[in-house]
**Q** 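Can you keep this structure in mind? I'll have questions shortly.
Letters A, B, ... mirror the listed sequences (proteins, then strands); counts begin at 1. These figures come from a predicted structure and were not determined experimentally. What's counted below: heavy atoms across the whole structure, side chains too, no hydrogens, waters or symmetry copies.
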2 protein chains.
Amino acid sequence: MIFRLNPASGHPLYLQLMEQVRHAVETGVLQDGDLMPSIRTLAEELVISHNTVAKAYMELQHEGLLELRHGSGAYISAPRSGKARAAKLLKAQTRVRSVVEDLLDDDFSADEIRRLFEAQLIHSTVSVRKP
Amino acid sequence: MIFRLNPASGHPLYLQLMEQVRHAVETGVLQDGDLMPSIRTLAEELVISHNTVAKAYMELQHEGLLELRHGSGAYISAPRSGKARAAKLLKAQTRVRSVVEDLLDDDFSADEIRRLFEAQLIHSTVSVRKP
DNA sequence: CATTCTGTACCAATACTGTGGTACAGTTTG
DNA sequence: CAAACTGTACCACAGTATTGGTACAGAATG
């Protein structure tokens, strides 16, 4: 697993790490039972404090996505998604890739694209969608 | 203009406000010369400190997006986009809306959708795209 | 059993964010 | 001119994020 953190993004590092682990699990890159790199090892790779990694791991444990075994390691804890879900995900990823690349080709910046999506998400989720 | 801030998002409020002003300008909702609400008025509407709004305004001024006139007000300062750009933008917004709503209908959460896009953006912009 | 790995738990220091308050200075309005 | 608006500039305070350090405790390995 390779994680890419951006210290200049203004986003807390431990949250960035959590997001990427979540996404890796959602996309099946990390699966139930997988052993995560140790806190110190990952901290060294990402050039951040071990405390920052520890915080991310603990938060993920609270979410039920990670199981921390003292002395042993950090293990992914997530039910494997069904075939239907996996198919939906694949379609979603393909579609997202297509849109993002087209927008980049149309000279929209990454930040502009983020804002377009963020604005749409805020607009589409102001109230409950599936009552 | 209506701005929606989310104090629980972990994103600094002044940055959220900046993003929304930027987006409003990019989409033409705010145009060159438009007068923004006064610092104190907007602070009251958003129920945040006037210092937070002032910080956002000053940062936007540094970016050249806003012109602060002492005693007068805060004025949008942005070249109006051409017709071609406006057309691109409209198509982009339509497409983004379509994808987001479909994903929401497919039971992806707003956060999952954010991660899908963020992962794609990170992946598509690791190096220069238009050399 | 001893070493070495693992997670866990502190602490002090620094920086950023946001608040609430006060005050000053420029512009507009009546 | 005077009042009421504007941006600007401080301050002290609390909360959070992150770092670097040290240390302890459980598990795996030889």
Side-chain angles (χ1 to χ4, degrees), chain A residues 1 3-22 25 30 32-78, chain B residues 1 3-22 25 30 32-78:
Chain A
M1 273 305 307
F3 300 107
R4 298 177 170 278
L5 302 189
N6 177 9
S9 74
H11 230 75
L13 297 175
Y14 80 101
L15 286 179
Q16 289 182 45
L17 180 53
M18 288 174 65
E19 296 277 301
Q20 300 206 7
V21 174
R22 274 195 215 104
V25 170
L30 288 175
D32 191 85
D34 281 359
L35 178 60
M36 290 287 291
S38 85
I39 287 178
R40 286 175 185 76
T41 303
L42 186 52
E44 196 173 350
E45 277 179 15
L46 299 177
V47 199
I48 61 180
S49 167
H50 65 271
N51 286 321
T52 305
V53 178
K55 181 163 189 174
Y57 276 20
M58 289 178 197
E59 298 273 344
L60 288 169
Q61 184 181 39
H62 288 150
E63 290 183 8
L65 213 83
L66 215 53
E67 187 190 341
L68 298 178
R69 300 190 202 144
H70 193 170
S72 174
Y75 300 84
I76 298 294
S77 158
Chain B
M1 275 303 308
F3 300 107
R4 297 176 171 280
L5 302 190
N6 176 10
S9 73
H11 229 76
L13 296 176
Y14 79 101
L15 286 179
Q16 289 182 45
L17 180 52
M18 289 174 64
E19 297 275 302
Q20 300 206 7
V21 174
R22 274 195 216 103
V25 170
L30 288 176
D32 192 86
D34 281 359
L35 178 61
M36 289 287 291
S38 85
I39 287 179
R40 286 174 184 78
T41 302
L42 186 52
E44 196 174 350
E45 277 179 14
L46 299 177
V47 199
I48 61 180
S49 168
H50 65 271
N51 287 321
T52 305
V53 178
K55 183 165 187 173
Y57 276 20
M58 289 177 196
E59 297 272 345
L60 287 170
Q61 183 180 39
H62 288 150
E63 289 184 7
L65 212 83
L66 213 54
E67 187 191 341
L68 298 177
R69 300 190 202 143
H70 193 170
S72 174
Y75 299 83
I76 298 294
S77 159

**Q** Rounded to whole Å, please give me the gap between CD in B:Glu44 and P in C:dG21.
**A** 13 Å
**Q** Just to confirm, is there a sub-4.0 Å distance from OP1 or OP2 of D:dG7 to any side-chain nitrogen or oxygen of B:Tyr57?
**A** no
**Q** Identify, between A:Tyr75 and A:Leu15, the residue whose nearest nucleotide on DNA chain D lies closer to the 5' end.
**A** A:Leu15
**Q** Is any side-chain heavy atom of A:Asn51 closer than 4.5 Å to a side-chain heavy atom of A:Tyr14?
**A** no
**Q** Rounded to whole angstroms, how far apart are CG on A:Leu5 and P on D:dT18?
**A** 10 Å
**Q** How is B:Ala54 classified with respect to the nucleic acid when contacts are heavy atoms under 4.0 Å: base, sugar-phosphate, or nothing?
**A** nothing
**Q** Could you tell me the separation between the CG atom of B:Leu42 and the C1' atom of D:dG7, rounded to a whole number of Å?
**A** 14 Å
**Q** Counting distance alone, no hydrogens or angles: does the base of C:dC11 have a donor or acceptor under 3.5 Å from a partner atom on the side chain of A:Asn51?
**A** no
**Q** Looking at A:Ser72, I'd like to know whether one of its side-chain N or O atoms comes within less than 4.0 Å of OP1 or OP2 on C:dT6.
**A** no
**Q** Start at the 5' end of DNA chain C and walk down; is the nucleotide closest to B:Thr52 or to A:Leu68 reached first?
**A** A:Leu68
**Q** Give a yes or no on whether a donor-acceptor pair under 3.5 Å exists between the nucleobase atoms of D:dA27, that is its base, and the side chain of A:His70.
**A** no
**Q** Can you find a side chain N or O atom of B:Ser49 that sits less than 4.0 Å from OP1 or OP2 on C:dG18?
**A** no
**Q** Tell me, do A:Ile76 and A:Met36 make a side-chain contact under 4.5 Å, heavy atoms counted?
**A** yes
**Q** To the nearest 0.5 Å, tell me how far B:Leu46 CG sits from B:Leu13 CG.
**A** 9.0 Å
**Q** So which heavy atom on A:Ala78 is nearest to which on A:Val25, and how close?
**A** CB-CG1, 3.7 Å
**Q** Can you figure out which of D:dA9, C:dT6, C:dG18 approaches the side chain of B:Pro12 most closely?
**A** C:dG18
**Q** For B:Ile39 and C:dG26, give me the distance from atom CD1 to atom P, rounded to whole Å.
**A** 16 Å
**Q** On a plain distance test, is the side chain of A:Arg69 in donor-acceptor contact with the base of C:dG7 below 3.5 Å?
**A** no
**Q** If the cut-off is 4.0 Å, is A:Lys55 near the phosphate of D:dA17, judged by side-chain N/O to OP1 or OP2?
**A** yes
**Q** Rounded to the nearest Å, what distance is computed from the CD atom of residue B:Glu67 to the P atom of nucleotide C:dG26?
**A** 17 Å
**Q** Let me know, please, whether A:Arg40 or B:His50 comes out on the 5' side of the other along DNA chain D by nearest nucleotide.
**A** B:His50
**Q** Rounded to the nearest 0.5 Å, what's the gap from CG on B:Leu60 to CG on B:Leu68? Could you check?
**A** 8.5 Å
**Q** Select from A:Gly73 and B:Leu13 the residue whose nearest nucleotide in DNA chain C is closer to the 5' end of that strand.
**A** A:Gly73
**Q** Atom NE2 of B:His11 and atom P of C:dC16: how far apart are they, to the nearest Å?
**A** 16 Å
